[in-house]
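In what follows, a single structure is set out as structure tokens and then discussed.
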Amino acid sequence: MQDLVEKIESLKKEIKEAKLSSSEEIEKYRIRFLGTKGLVKELMGEMKHVSSDLKKEFGARLNEFKVFAEQKYEEHKSESSHKTSHVKPKEDDTLPGIPNETGARHPIQITMNKMISIFANIGFTVAEGPEIEDEWHNFNALNLPEDHPARDMQDTFYIAKPEQSDKEWLLRTHTSSVQVRVMKEGKLPIRQIFPGRVYRNETISARAHCFFHQVEGLYIDEKVSFADLKQTLYYFVKEMFGDAVKVRFRPSYFPFTEPSAEMDVSCFICDSKGCNVCKHTGWVEILGCGMVHPNVLTNCGIDAEKYTGFAWGMGVERTTMMQYGIKDIRVLSENDVRFLAQFKGVV
Ligand code: DAH
């Protein structure tokens, strides 16, 4: 019996000193002490060798030992679960990474950038002007005096007049107002384009919006002719739409140019067979142009006897819609990411 008591004491000591940090170690402990073939069971089996007068005392010691071993097991278990709940789980290196979402350029910007680079290749630089303009820059200087009927061609958004101002203010109806600003600076020759947003009080539909974009161009020097205008715009069309596209000029009227023309390209959506985009004519109008009217040159302080020049203004929306087969102009300003995400990677 004495050696059994000693064995219990030494096992108790071992349990007290045991440092069990992992769940594997705790499980090993359980098997060693409390398992079906563990030490508690083994000691119980010794009971039959203990003489009957000592059985009671040994039974009590053994029971106490069993409770002690069980208690320690529970303590270790709860300590370890407490610990693990605060430990960050090991990272799983096989999980896919978090994608780095890239944005997309807006299709209007993509078209404008292409137009800018085509004209940059033949020496045109870029300038910009304000979207809030006064009447003089938007109309008067461009040979459109107050009572001129052509002002009705462009339904204008006027802006409440600031108290101190003696001018009428408006949202520019075309980028031609930037021509005026550049000419007034007086640095000649001028070979520039002016991309930007313009506003008109139009009913919004699939084909029209109250704001849209234009790229205006201006070339002023000595001896500039209508032939220069045509060649410049032919070059542009081939670069923009490809060699297969056909071009035609139609005589037109703008107060700021004389003579004036409009330029159409063959509709490549339907191969000129007739569709909604070309209104079943086979042709799509892309710009207005002409030789800068001498009155405009004079209004802007340029000697109209010495200098001539040409100008054009083209819409960006229509070209963009043709290029990408977009049927409704409104999607270009709704900022729906499902639409915009389609332009990822296009530059
Ligand atoms: N400003 C005109 C418009 O918005 C377009 C235009 C026509 C611009 C002829 C020009 C031009 O510079 O010469 O409808």
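Atoms within each ligand, like the ligands themselves, are counted from 1 in listed order.
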Identify whether the distance between the nearest side-chain nitrogen and carboxylate oxygen of [X] and [Y] falls below 4.0 Å.
X     : Y     : value
Lys7  : Glu42 : yes
Glu25 : Lys28 : no
Arg61 : Glu64 : no

Taking distance alone, with N or O pairs closer than 3.5 Å, would you say Ala311 contacts ligand 1?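 Looking only at distances, the answer is yes, because the N/O contact criterion of under 3.5 Å is met.
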Ligand 1 and Glu216, any nitrogen or oxygen pair closer than 3.5 angstrom?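 Looking only at distances, the answer is yes, because the N/O contact criterion of under 3.5 Å is met.
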For atom 8 (C) of ligand 1, what is the nearest protein heavy atom, given as residue, atom name and distance?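 Here the nearest protein heavy atom works out to Gly313 N, 3.3 Å.
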Taking atom 2 (C) of ligand 1 as the reference point, the nearest protein heavy atom with its distance: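 So the nearest neighbour among protein heavy atoms is Phe256 CZ, 3.9 Å.
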What pairs of residues pass the salt bridge (charged side-chain N to carboxylate O under 4.0 Å, His left out) test when at least one of them lies in residues 315-339, not counting sequence neighbours?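 Qualifying pairs, neighbours excluded: Asp328-Arg330, Asp336-Arg338.
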Quick check: do Ile220 and Thr308 have side-chain heavy atoms less than 4.5 Å from each other?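 Of all side-chain heavy-atom pairs linking Thr308 with Ile220, none is under 4.5 Å.
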Using a strict cut-off of 4.0 Å, indicate which atoms of ligand 1 neighbour a heavy atom of Phe254.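 Those qualifying, in numeric order: 7 (C), 9 (C).
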Check each heavy atom of Phe310 against ligand 1 and say whether those closer than 4.0 Å belong to the side chain, the backbone, both or neither.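 The answer is neither; Phe310 stays 4.0 Å or more away.
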Quick test of your reading of the structure: of His174, His293, Gln214, Arg200, whose heavy atom lies closest to atom 1 (N) of ligand 1?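 Considering heavy atoms of His174, His293, Gln214, Arg200, the nearest to atom 1 (N) of ligand 1 sits in His174.
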Can you give each donor-acceptor pair under 3.5 Å made by side-chain atoms of residues 117-131, sequence neighbours left out, with the distance rounded to 0.1 Å?
residue, atom, partner, partner atom, Å
Ser117, OG, Lys114, O, 3.3
Thr125, OG1, Gln192, NE2, 3.2
Glu131, OE1, Tyr199, OH, 2.5

At a 4.0 Å cut-off, with the gap strictly under it, does some heavy atom of Gln179 reach an atom of ligand 1?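 Contact present.
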